[in-house]
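Structure record follows, encoded as structure tokens.
Both counts, for ligands and for their atoms, begin at 1 and track the order of listing. We count residues from 1, following the sequence as given.
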Amino acid sequence: MTAMNKTSAAETNSSSASLLFSSLRVRDVTFPNRIVLAPMQMYKTAPDGMFTDWHFQHLARFAIGGAGTVMTEGLIVDPVGRNTYGDCGIWNDDQIAPLKKFVDFLHGNGTLAACQLHHAGPKSARQRPWEGLGPLGEAEASKGEAPWQPVSSCDGRSVDGWHQPRGLTPDEIKQLVDAYGAAAARCDKAGFDVVDVHAAHGYLLHSFLSPVANTRTDEYGGDLNGRMRIALEVASAIRANWPETKPIFFRISSVDWRKDLDTRSDGWTIEDSVVLARELKKRGVDVIDCSSGGIRAENSLMDYAKQRRKLTRGHQVPYAEQIRRETPISTMAVGVILDGPQAEAILQAGQADLIAVGREFLTDPHWGLHAAQQLGVDPEWSLWPPSYGWWLSLREKIGIE
Ligand SMILES: Cc1cc2nc3c(=O)[nH]c(=O)nc-3n(C[C@H](O)[C@H](O)[C@H](O)COP(=O)(O)O)c2cc1C
């Protein structure tokens with residue numbers, strides 16, 4: 001099977017010359033275009049994890065700005081798994097109502113609503129990024145933000161200087177798997193169309209997948225089957241609590257990139273990701289959301305900055321391509337995808353089915369609409385809200401000296 005003739009559960013509408021602005025059907029859900037706002041934690045809520053008006057206005061801009069699908073930041077499934085005291089949650093029923101109001105707004109705009117389920121595992125109990133991203137300490141405790149002990153696949157630090165996590169017992173793993181299922185059911189009540197599971201970036205599920213972090217000797221550790229077990233159980237629990245009609249996405253760190261950008265063989269590998277993707281597909285997952293890295297401090301973005309390493313455009317796209325080519329599952333590419341022509345080229349080359357854009361949307365909330373103009377898809381400003389587009393099109397016709 002070549003990447004280009006791959007449709008798996010997804011059916012495409014090829015009426016448009018642009019793939020980025022063509023629809024995609026997965027299960028009973030039709031993605032209006034291929035642009036997805038990447039999940040981005042904002043660390044802006046109260047400790048009760050409630051989605052606020054701030055989050056509403058922040059995310060609504062991207063729906064107005066041309067993302068066919070807007071994904072929430074990682075919503076925490078259990079308060080022990082909060083990255084910071086600013087994380088949004090979906091661990092209780094009170095958290096459903098503000099999310100539902102937001103989902104209703106997206107649907108009124110013709111935009112799909114996606115949510116991400118998250119547990120930070122060993123990276124829990126941290127300062128907000130702009131406060132240092134280090135472990136919570138006495139200074140934060142004196143402000144009412146006391147640290148707590150994170151949980152992980154195993155006892156012991158995965159990142160130097162961070163809090164020592166405690167390995168989950170098999171009973172606690174079962175409870176956690178149930179918590180993912182319950183969270184998915186709440187997301188369904190809120191009306192979300194898509195759920196994405198965060199199993200990347202050194203957080204809880206990645207701490208089980210990667211041999212760098214997981215040194216357990218029981219059924220949840222050891223060989224690849226043991227290390228994948230919790231991720232597969234989470235996928236099954238979500239599928240059991242999430243309508244058959246709606247897609248499930250799974251975000252993975254496709255490789256650990258443990259030592260440096262050119263080392264592919266250490267830790268979790270792309271070959272492991274291919275095996276995982278096939279197993280996830282069997283359990284009802286529809287799309288692999290292909291990220292990378294994060295299992296240790298040495299491959300974090302902070303470390304890039306310290307070593308003056310540069311990011312490269314589309315650096316994770318080859319993983320989305322390989323998984324799409326070698327498995328019967330669709331993929332979403334993410335990471336330094338900066339403009340419409342780049343996103344279009346990825347789709348045209350059969351490297352992915354969907355394109356997630358994060359930071360570039362932060363710099364330009366109308367990224368999707370500008371991508372349409374760059375690709376010549378919207379010469380008349382007709383994708384813009386009419387109350388913007390009518391005036392902007394008129395100004396263009398008049399011209400500016
Ligand atoms: C502010 C910020 C918060 C993020 N939070 C999350 C998150 O909640 N879940 C997640 O899977 N990735 C998170 N990421 C990673 C993004 O989803 C994305 O993979 C990454 O930024 C690379 O894409 P980009 O180059 O388009 O920004 C975050 C990134 C940023 C910049």
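The ligand atoms of ligand 1 that sit less than 4.0 angstrom from a heavy atom of V334 are 18 (C), 19 (O), 23 (O). Residue G335 has at least one heavy-atom neighbour below 4.0 Å for each of these atoms of ligand 1: 22 (C), 23 (O), 25 (O). Every atom of ligand 1 with a heavy atom of G74 under 4.0 Å away is listed here by number and element: 8 (O). Residue contact check: Q116 has heavy atoms under 4.0 Å from atoms 7 (C), 8 (O), 9 (N), 10 (C), 11 (O) of ligand 1.
Using the six-membered ring where Trp is involved, H58 and F62 have ring planes that are perpendicular, over 60° apart on the 30 and 60° scheme. H201 and H198 have perpendicular rings, their planes meeting at more than 60° on a 0 to 90° scale where under 30° would count as parallel. Using the six-membered ring where Trp is involved, Y220 and F208 have ring planes that are perpendicular, over 60° apart on the 30 and 60° scheme.
The residue from R359, M40, H201, R251 that puts a heavy atom closest to atom 18 (C) of ligand 1 is R251. One option in P39, S253, A38 has a heavy atom closer to atom 6 (C) of ligand 1 than any other, and that option is P39.
Only one option out of S18, S22, S23 pairs with R34 in a side-chain hydrogen bond (donor to acceptor under 3.5 Å, both in side chains); it is S22.
For ligand 1, one of its N or O atoms has an N or O atom of G358 under 3.5 Å away. Among the atoms of Y43, none of the N or O lies under 3.5 angstrom from an N or O of ligand 1. The N/O atoms of I337, backbone and side chain alike, include none that comes under 3.5 Å of an N/O atom in ligand 1.
For H118 and Y203, the ring centers sit closer than 6.0 Å to each other. Ring centers of H206 and W268: at least 6.0 Å apart, outside the cut-off.
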Assess the residue pair W148 and H163 against the criterion (ring-ring contact (aromatic ring centres under 6.0 Å, His included)); give the C-alpha distance rounded to whole Å, side-chain angles, the decisive distance to 0.1 Å, and a yes or no. CA-CA 8 Å; W148 66 93; H163 291 296; 8.2 Å; no
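The shortest contact between atom 3 (C) of ligand 1 and any protein heavy atom is with Q41 N, 3.3 Å.
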